[in-house]
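Written out below as structure tokens is the structure these notes cover.
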Number of protein chains: 2
Amino acid sequence: MNKATGAVKGKRVAIVCGVPMDMGNCPVRDVMDNIGGKWNSLMILSLADGPLRFSQLRRLIPDISQRMLTQTLRDLQRDGYLNRTVYPTQPPSVEYSLTDLGRSFLTLLKLFVDWSLENHEAIQKARAEYDEVP
Amino acid sequence: MNKATGAVKGKRVAIVCGVPMDMGNCPVRDVMDNIGGKWNSLMILSLADGPLRFSQLRRLIPDISQRMLTQTLRDLQRDGYLNRTVYPTQPPSVEYSLTDLGRSFLTLLKLFVDWSLENHEAIQKARAEYDEVP
DNA sequence: CAGTATCCACCCAGATACTG
DNA sequence: CAGTATCTGGGTGGATACTG
């Protein structure tokens, strides 16, 4: 028993729109982590126009470290958003491409990007107003 | 100059769908942080059906700490997603409600939730397949 | 009731070096 | 080319105690 929150261990259930949500195993959070990660959604957007190789992605996203590029690609591959295809050339080349799931998510992501661009100014304004408090 | 990535300090620009994106000041990332935070989107969903007070939100989301509840509400208020109304009763009661911006975002969020529920199984399956590698 | 204020553990992500 | 390995700092979020 958690004294601070009153939550019972192993049964962390929030009520959202009248529907109980198990926060311990939440489908939405699962997906949210894929969009929320620092590079994940940018990666999916980068692959929108077609497959790219590791080094191409590196050049496309200049300020990602090799470590993070690898890890982000792994995570997205693991969750089924993209394919990893190895061509046995010398030296090896590896191509990444969106799966059907990835493309499905991409349409959602684009809505999200559009909304962001439309409302970015309003958010900045709200933020500025909040910050200039007396 | 960043040797590891080749990025020039202060000019971190990724090319997304052919469009240069300044990663230092990205509108999309700005919004992403609001959905990506651990409690942010859950908070907006919780306020979907009408205004709620601090303690009501606490009960609705059992496993959020007081600190995080306060901080999440502040962040969302600052960015213009919700209003904070103080009623000068004794003891004081404070009501939180969605702004127009918040409601606009809510519609997007609902699409996101729907997609998550529809595709959660596919993701779990992909994950399981990836993990059972030889 | 509706918060602040502290302290702290953890993990994410960056830097760097090395490899098949 | 396409990674892995290791070290490390900073930020996020949790626990706890106190307050107008």
Side-chain angles (χ1 to χ4, degrees), chain A residues 1-9 12 14 23-24 29 32-43 51-78 82-97, chain B residues 1-9 12 14 23-24 29 32-43 51-78 82-97:
Chain A
M1 179 73 160
N2 184 324
K3 278 194 293 183
T5 63
V8 178
K9 201 167 149 193
R12 301 171 305 170
M23 298 311 292
R29 175 150 310 288
M32 210 76 96
D33 288 341
N34 287 127
I35 196 187
K38 183 159 183 184
W39 303 106
N40 295 355
S41 42
L42 184 58
M43 198 63 58
L52 290 172
R53 289 184 329 190
F54 189 86
S55 54
Q56 293 179 301
L57 284 167
R58 252 192 101 174
R59 276 189 291 274
L60 214 57
I61 308 172
D63 58 337
I64 193 172
S65 69
Q66 228 164 351
R67 173 174 149 45
M68 277 301 105
L69 181 52
T70 304
Q71 188 172 302
T72 304
L73 289 169
R74 285 288 171 284
D75 288 349
L76 291 174
Q77 185 197 350
R78 184 169 110 98
L82 45 84
N83 300 305
R84 178 176 183 271
T85 318
V86 182
Y87 296 99
T89 55
Q90 194 54 265
S93 73
V94 179
E95 205 173 70
Y96 293 90
S97 59
Chain B
M1 179 72 159
N2 183 327
K3 279 193 292 182
T5 63
V8 178
K9 200 167 148 191
R12 302 171 304 168
M23 298 311 292
R29 176 150 310 288
M32 210 78 94
D33 288 342
N34 286 130
I35 195 185
K38 183 159 181 184
W39 303 106
N40 296 356
S41 42
L42 184 58
M43 198 64 59
L52 290 171
R53 288 183 329 189
F54 190 85
S55 53
Q56 293 179 302
L57 284 167
R58 253 192 100 176
R59 275 189 292 274
L60 214 55
I61 308 173
D63 58 338
I64 193 174
S65 69
Q66 225 163 355
R67 176 185 174 337
M68 278 301 105
L69 181 53
T70 303
Q71 189 172 303
T72 304
L73 289 169
R74 284 289 172 283
D75 288 350
L76 292 174
Q77 185 197 351
R78 184 170 110 99
L82 44 85
N83 300 305
R84 177 175 182 273
T85 317
V86 182
Y87 296 100
T89 55
Q90 197 52 266
S93 74
V94 179
E95 205 173 68
Y96 293 92
S97 59

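Below, all heavy atoms of this structure are taken into account, side chains as well, without hydrogens, waters or symmetry copies. Reminder, nothing fancy here: chain letters follow the sequence lines and each chain counts from 1.
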Shorter than 3.5 Å, N or O on both sides, protein versus nucleotides 9-12 of chain C: list them out with atom names.
none

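One can place CG of Leu52(A) at 11 Å from P of dA2(D), the figure rounded to the nearest angstrom. With rounding to whole Å, Leu73(B) atom CG is found 14 Å from dC1(C) atom C1'. Distance CG (Leu69(A)) to C1' (dA13(C)): 13 Å, rounded to an integer number of Å. Phe54(B) places its CZ atom 11 Å from the C1' atom of dT4(C), with the value rounded to the nearest Å. In this structure, CE of Met32(B) is placed 19 Å from C1' of dT12(D), rounded to the nearest angstrom. Taking atom CG of Asp33(B) as the reference point, atom P of dA13(C) lies 11 Å away to the nearest angstrom. Remark: P of dG13(D) and CD1 of Ile64(B) are 10 Å apart, rounded to the nearest angstrom. As rounded to whole Å, 13 Å separates atom P of dT16(C) from atom CD of Gln66(A).
Closest non-hydrogen pair, Ser93(A) versus Thr89(A), comes out as N-OG1, 3.3 Å. Smallest separation of non-hydrogen atoms from Gln56(A) and Arg53(A): OE1-N, 2.8 Å.
When the nucleotides dC1(D), dG3(D), dA2(C) are ranked by their closest atom to the side chain of Arg84(A), dG3(D) comes out on top. If you check dC1(C), dG3(C), dG3(D) against the side chain of Val94(B), the one that comes closest is dG3(C). For Arg59(A), counting side-chain heavy atoms from C-beta on, the closest listed nucleotide (dA2(C), dG3(D), dC1(D)) is dC1(D). For Thr70(B), counting side-chain heavy atoms from C-beta on, the closest listed nucleotide (dA2(D), dG3(C), dC1(C)) is dG3(C). For Pro92(B), the listed nucleotide lying nearest its side chain is dC1(C); candidates were dG3(D), dC1(C), dG3(C).
Side-chain N or O atoms of Arg29(B) include one that pairs as donor or acceptor with a backbone N or O of Lys38(A) at under 3.5 Å. A donor-acceptor distance shorter than 3.5 angstrom exists from the side chain of Asn40(A) to the backbone of Asp33(A), with no hydrogens or angles considered.
Searching all strands for a Watson-Crick or G-U wobble partner of dT4(D) with both distances below 3.5 Å returns dA17(C).
With rounding to the nearest 0.5 angstrom, the OH atom of Tyr96(B) is 11.5 Å from the CG atom of Leu52(B). The CZ atom of Phe54(A) sits 14.5 Å away from the CD atom of Glu95(A) when rounded to the nearest 0.5 Å. With values rounded to the nearest 0.5 angstrom, Ile35(A) atom CD1 is found 8.0 Å from Met32(A) atom CE.
At the phosphate of dA2(C), OP1 or OP2 sits under 4.0 Å from a side-chain N or O atom of Ser55(B). OP1 or OP2 of dG3(C) has at least one side-chain nitrogen or oxygen of Arg74(B) nearer than 4.0 Å. Look at Arg58(A) and you won't find any side-chain N or O under 4.0 angstrom from OP1 or OP2 of dA2(D).
No option in Leu76(B), Leu69(B), Thr70(B) other than Leu69(B) meets the side chain to side chain contact (heavy atoms under 4.5 Å, CB included) test with Leu73(B).
Within 4.0 Å (heavy atoms only), Tyr96(B) reaches sugar-phosphate atoms of the nucleic acid but no base atom.
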